Number of protein chains: 2
Amino acid sequence: MMTQINKHLKKEQKNEDGGCCGIPGIPDPRFLKAVSDSTRLRILAHLLEVKEPQMVSDITKNFPVDVSVVSRHLAILRNEGILLAEKQGKEVYYSVRYEFLSSIFRGFANAIELCCPSKKKNE
Amino acid sequence: MMTQINKHLKKEQKNEDGGCCGIPGIPDPRFLKAVSDSTRLRILAHLLEVKEPQMVSDITKNFPVDVSVVSRHLAILRNEGILLAEKQGKEVYYSVRYEFLSSIFRGFANAIELCCPSKKKNE
DNA sequence: TGTTTATTTGTGTCATCATACAAATATTAT
DNA sequence: ATAATATTTGTATGATGACACAAATAAACA
């Protein structure tokens with residue numbers, strides 16, 4: 001009955017889930033966390049808008065935060081496979097991995113629809 | 001040049017963005033935050049799996065957290081339109097709003113694809 | 001060599017959040 | 001009315017995260 005003896009449990013052995021559950025198509029929570037921050041989502045939207053690889057300092061011009069903050073946000077998005085980073089001299093150009101990103105969300109949408117009881121098998 | 005005079009700025013007037021940017025189809029960061037927590041995502045996955053409205057105490061049996069925690073998670077998902085809550089006597093039954101949820105992610109996927117430069121207009 | 005510029009990384013601070021536990025509320029049954 | 005059960009809400013705590021600023025790294029150029 002999980003008698004809740006743990007007054008304040010340690011955080012270490014908590015969330016290593018990774019693959020979330022038995023349903024295929026549900027993204028990793030870390031992936032969703034990467035796009036759920038307001039600044040990161042706006043950075044992503046900016047890169048989608050300009051449609052071209054852009055360097056860190058140029059991206060930063062569009063946001064009221066320090067360049068170091070933008071750099072960290074870009075690293076998070078890159079680590080989740082959302083952005084691609086290419087170094088050219090001093091500059092690092094970041095761009096959107098369109099196919100990857102859209103396929104994750106489309107897969108999620110499909111997974112949800114497949115679970116919908118009112119949906120017939122071949123519909 | 002945004003000389004960064006602000007030593008430690010207040011958080012209050014920070015993130016009221018809501019509509020994120022000029023691109024239609026990009027979800028609200030609060031919506032994405034709702035599904036980016038590991039426990040909430042597993043609760044959502046559980047409701048997708050069982051395919052039936054389920055009450056709070058039954059949902060809680062599947063997770064190693066207190067029922068109050070699950071109740072709060074469910075409220076967050078409900079407030080974002082992801083879950084529907086229906087009270088029947090003492091119990092509150094939560095279920096997934098399939099169409100709404102899948103349409104958001106499908107819309108996001110479409111928005112991303114539309115921004116992809118390699119995609120021709122009619123392709 | 002040293003200097004400038006682009007980016008990343010170290011570090012401290014404040015805010016937010018996930019959680020447990022207790023208490024309050026609501027509903028049904030005795 | 002009292003009791004039992006389901007859910008929500010109050011509150012404190014520890015973890016995480018976003019941020020600014022400084023320092024470190026890297027690359028081009030004098």
Side-chain angles (χ1 to χ4, degrees), chain A residues 1-17 29-30 32-43 53-61 63-80 83-94, chain B residues 1-17 29-30 32-44 53-61 63-80 83 85-94:
Chain A
M1 233 296 285
M2 179 58 71
T3 32
Q4 231 81 248
I5 323 156
N6 28 359
K7 193 70 174 182
H8 271 107
L9 81 179
K10 282 283 151 286
K11 287 276 180 171
E12 280 70 27
Q13 71 274 26
K14 191 177 57 75
N15 280 342
E16 75 296 343
D17 41 20
R30 284 166 299 191
L32 293 169
K33 199 154 285 203
V35 291
S36 73
D37 174 72
S38 156
T39 303
R40 279 196 295 274
L41 192 57
R42 290 204 304 255
I43 290 174
Q54 205 163 28
M55 68 174 92
V56 182
S57 51
D58 281 350
I59 296 170
T60 305
K61 287 179 186 131
F63 304 96
V65 294
D66 193 79
V67 62
S68 66
V69 172
V70 172
S71 174
R72 269 184 244 264
H73 281 315
L74 291 168
I76 289 169
L77 293 167
R78 168 169 44 79
N79 287 334
E80 290 302 326
L83 299 183
L84 175 71
E86 290 168 297
K87 185 153 193 174
Q88 286 187 15
K90 281 181 297 190
E91 294 98 14
V92 179
Y93 286 84
Y94 283 88
Chain B
M1 232 300 284
M2 178 59 70
T3 33
Q4 231 81 249
I5 323 156
N6 28 0
K7 193 69 173 182
H8 269 109
L9 80 179
K10 282 285 150 285
K11 289 276 179 170
E12 280 69 26
Q13 71 273 27
K14 193 176 54 73
N15 281 340
E16 75 295 345
D17 41 18
R30 284 167 298 191
L32 293 168
K33 199 154 286 202
V35 291
S36 71
D37 173 73
S38 158
T39 303
R40 278 196 295 274
L41 191 58
R42 290 205 303 254
I43 289 173
L44 174 61
Q54 205 165 27
M55 69 174 91
V56 182
S57 51
D58 280 350
I59 296 170
T60 305
K61 288 179 185 132
F63 304 96
V65 294
D66 193 80
V67 62
S68 67
V69 172
V70 172
S71 174
R72 269 185 242 265
H73 281 315
L74 291 167
I76 289 169
L77 293 167
R78 169 168 45 79
N79 287 334
E80 289 303 326
L83 298 184
E86 291 169 296
K87 184 154 193 172
Q88 287 187 14
K90 281 180 297 190
E91 295 99 15
V92 178
Y93 285 85
Y94 282 89

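Note that the structure is predicted; figures quoted are calculated from it, not measured. In what follows, every chain begins at residue 1, and chains take the letters A, B, ... in the order their sequences are listed.
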How many whole angstroms separate atom [atom1] of [X] from atom [atom2] of [N]?
{"X": "Y93(B)", "N": "dA26(C)", "atom1": "OH", "atom2": "C1'", "result": "16 Å"}
{"X": "I43(B)", "N": "dT19(C)", "atom1": "CD1", "atom2": "P", "result": "8 Å"}
{"X": "L41(A)", "N": "dA18(D)", "atom1": "CG", "atom2": "P", "result": "13 Å"}
{"X": "D58(A)", "N": "dA6(C)", "atom1": "CG", "atom2": "C1'", "result": "11 Å"}
{"X": "N79(A)", "N": "dT9(C)", "atom1": "CG", "atom2": "C1'", "result": "14 Å"}
{"X": "L77(B)", "N": "dT7(D)", "atom1": "CG", "atom2": "P", "result": "16 Å"}
{"X": "F63(B)", "N": "dA18(C)", "atom1": "CZ", "atom2": "C1'", "result": "15 Å"}

Just jot down the side-chain hydrogen bond (donor to acceptor under 3.5 Å, both in side chains) partners of [X], sequence neighbours excluded, or say none.
{"X": "T60(A)", "answer": "none"}
{"X": "Q54(A)", "answer": "H46(A)"}
{"X": "K61(A)", "answer": "D58(A)"}

Are [X] and [N] close enough that a side-chain N or O sits under 4.0 Å from OP1 or OP2?
{"X": "S57(B)", "N": "dT7(D)", "result": "yes"}
{"X": "R40(B)", "N": "dC17(C)", "result": "no"}
{"X": "H73(B)", "N": "dT19(C)", "result": "yes"}

May I have the list of side-chain donor-acceptor pairs in residues 85-94 of chain B shorter than 3.5 Å, sequence neighbours left out?
none

Which heavy atom of [X] sits nearest to which heavy atom of [Y], and what is that distance?
{"X": "V35(A)", "Y": "L32(B)", "value": "O-CD1, 3.4 Å"}
{"X": "A34(A)", "Y": "E80(A)", "value": "CB-CG, 3.7 Å"}
{"X": "H73(A)", "Y": "I43(A)", "value": "CB-CD1, 3.9 Å"}

Which residues share a side chain to side chain contact (heavy atoms under 4.5 Å, CB included) with A75(B), sequence neighbours left out =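 For A75(B) the side chain to side chain contact (heavy atoms under 4.5 Å, CB included) partners, ignoring immediate neighbours, are R78(B).
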With N79(B) via side chain to side chain contact (heavy atoms under 4.5 Å, CB included) - residues at least two apart =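 If we apply the side chain to side chain contact (heavy atoms under 4.5 Å, CB included) test to N79(B), skipping adjacent residues, there are no hits.
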In B/S/- notation (B base, S sugar-phosphate only, - none; protein heavy atoms under 4.0 Å), nucleotides 23-30 of chain D written 5' to 3' is ---SBS--
Nucleotide N/O of nucleotides 8-11 of chain D paired with protein N/O under 3.5 Å:
residue, atom, partner, partner atom, Å
dT8(D), OP1, Y94(B), OH, 2.9
dT8(D), OP2, S71(B), OG, 2.5
dT8(D), O5', S71(B), OG, 3.4
dG10(D), N7, R72(B), NH2, 3.2
dG10(D), O6, R72(B), NH2, 2.2
dT11(D), O4, R72(B), NH2, 3.1

